[in-house]
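What follows is a short report on a single structure.
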Amino acid sequence: QKIREVASDGEIRFSTGMGELDRVLGGGAVLGSLVLVGGAPGIGKSTLLLQICSSLCKEYRVLYVSGEESEKQLSYRAQRIDVSSDNLYVLSENHLPAVMDSINEIAPDILIVDEALSVGDKGFANKCLKKMKQLKEEGIYENTLIVFTSDNGPKSFGGTDLTWFNSGGIFKNGYGWGKSFLHEGG
């Protein structure tokens, strides 16, 4: 389809509660979109996302899935930065079917997956696409913002010729460009 034929009206944007992030996202997050928050380990991605939850939970039900931290660790961090809401659900899980069961049970408006590469395996990219298609078929996709974070370096899956950069440069391993598995670093 030609770009000028694509209707751009009717998209639903909402504030994340952080003005600078809203600016970067073009005026707020778009319902039904996927946002990747990337950065070096320890830079504060998880803390930032929990801070955003504080604002989002005023109007939306949020499921925060962590593949690396326990629910207790998430609770400690939330208490430290004064984030508390009956609309914020946390799940410590790295098994994708269990995550999908929680999504179906809680029916969140916003899904945050903290450290996307810890929730899946080598075929993670394909699984994500399949699950997004499933969410779309179930009518959940259009009303859900999906946020993934990763600090595991640049990635390339499948037969693509894409090259991903980060502040550390380009990495090369035996599987093609980028680190392909969580245990290789991050």
Would you indicate whether Ile43, at its atom CD1, is surrounded by more than 12 heavy atoms from other residues, nucleotides or ligands within a distance under 6.0 Å? no

Sequence neighbours excluded, every pair satisfying ring pair (Phe, Tyr, Trp, His ring centres under 6.0 Å) that has a member inside [range]:
range: residues 23-54; answer: none
range: residues 23-49; answer: none
range: residues 15-52; answer: none

Side chain to side chain contact (heavy atoms under 4.5 Å, CB included) partners for Ala98, two or more places apart: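 With neighbours one apart ignored, the set is Glu93, His95.
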
Partner set under side chain to side chain contact (heavy atoms under 4.5 Å, CB included) for Glu5, not counting sequence neighbours: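 Applying side chain to side chain contact (heavy atoms under 4.5 Å, CB included) to Glu5 gives Gln1, Lys2.
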
Candidates Ile112, Val113, Asp109, Leu111 - the one meeting side chain to side chain contact (heavy atoms under 4.5 Å, CB included) with Leu63: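 Exactly one pass, corresponding to Leu111.
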
Taking the side chain as C-beta and beyond, is there a heavy-atom pair between [X] and [Y] under 4.5 Å?
X: Tyr64; Y: Leu74; value: yes
X: Asp114; Y: Glu68; value: no
X: Val65; Y: Ser102; value: no

Sequence neighbours excluded, every pair satisfying salt bridge (charged side-chain N to carboxylate O under 4.0 Å, His left out) that has a member inside residues 26-43: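 Counting only pairs at least two positions apart or across chains, no salt bridge (charged side-chain N to carboxylate O under 4.0 Å, His left out) contact touches residues 26-43.
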
Applying salt bridge (charged side-chain N to carboxylate O under 4.0 Å, His left out) as the test, list every pair that has at least one member in residues 14-27; sequence neighbours left out. Glu20-Arg23

State plainly whether one hydrophobic cluster holds both Val24 and Leu34, where clusters connect Ile, Leu, Val, Met, Phe, Trp and Tyr through side-chain heavy atoms under 4.5 angstrom apart. no

With sequence neighbours left out, which residue pairs that include part of residues 75-88 fulfil the side-chain hydrogen bond (donor to acceptor under 3.5 Å, both in side chains) condition? Thr47-Arg77, Glu69-Arg77, Ser75-Gln79

From Ile106 CD1 over to Arg61 CZ, what is the distance, rounded to the nearest 0.5 angstrom?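 Reported to 0.5 Å precision, the distance equals 8.0 Å.
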
Write down the atom of Leu88, the atom of Cys57, and the distance for their closest heavy-atom approach.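 Leu88 and Cys57 have their closest heavy atoms at CB-SG, 3.6 Å.
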
List, one per line, each side-chain donor-acceptor pair under 3.5 Å for residues 48-56, sequence neighbours excluded.
none

For Tyr60, give me all partners under ring-ring contact (aromatic ring centres under 6.0 Å, His included), at least two apart in sequence or on another chain.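 Tyr60 satisfies ring-ring contact (aromatic ring centres under 6.0 Å, His included) with Phe14 once adjacent residues are dropped.
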
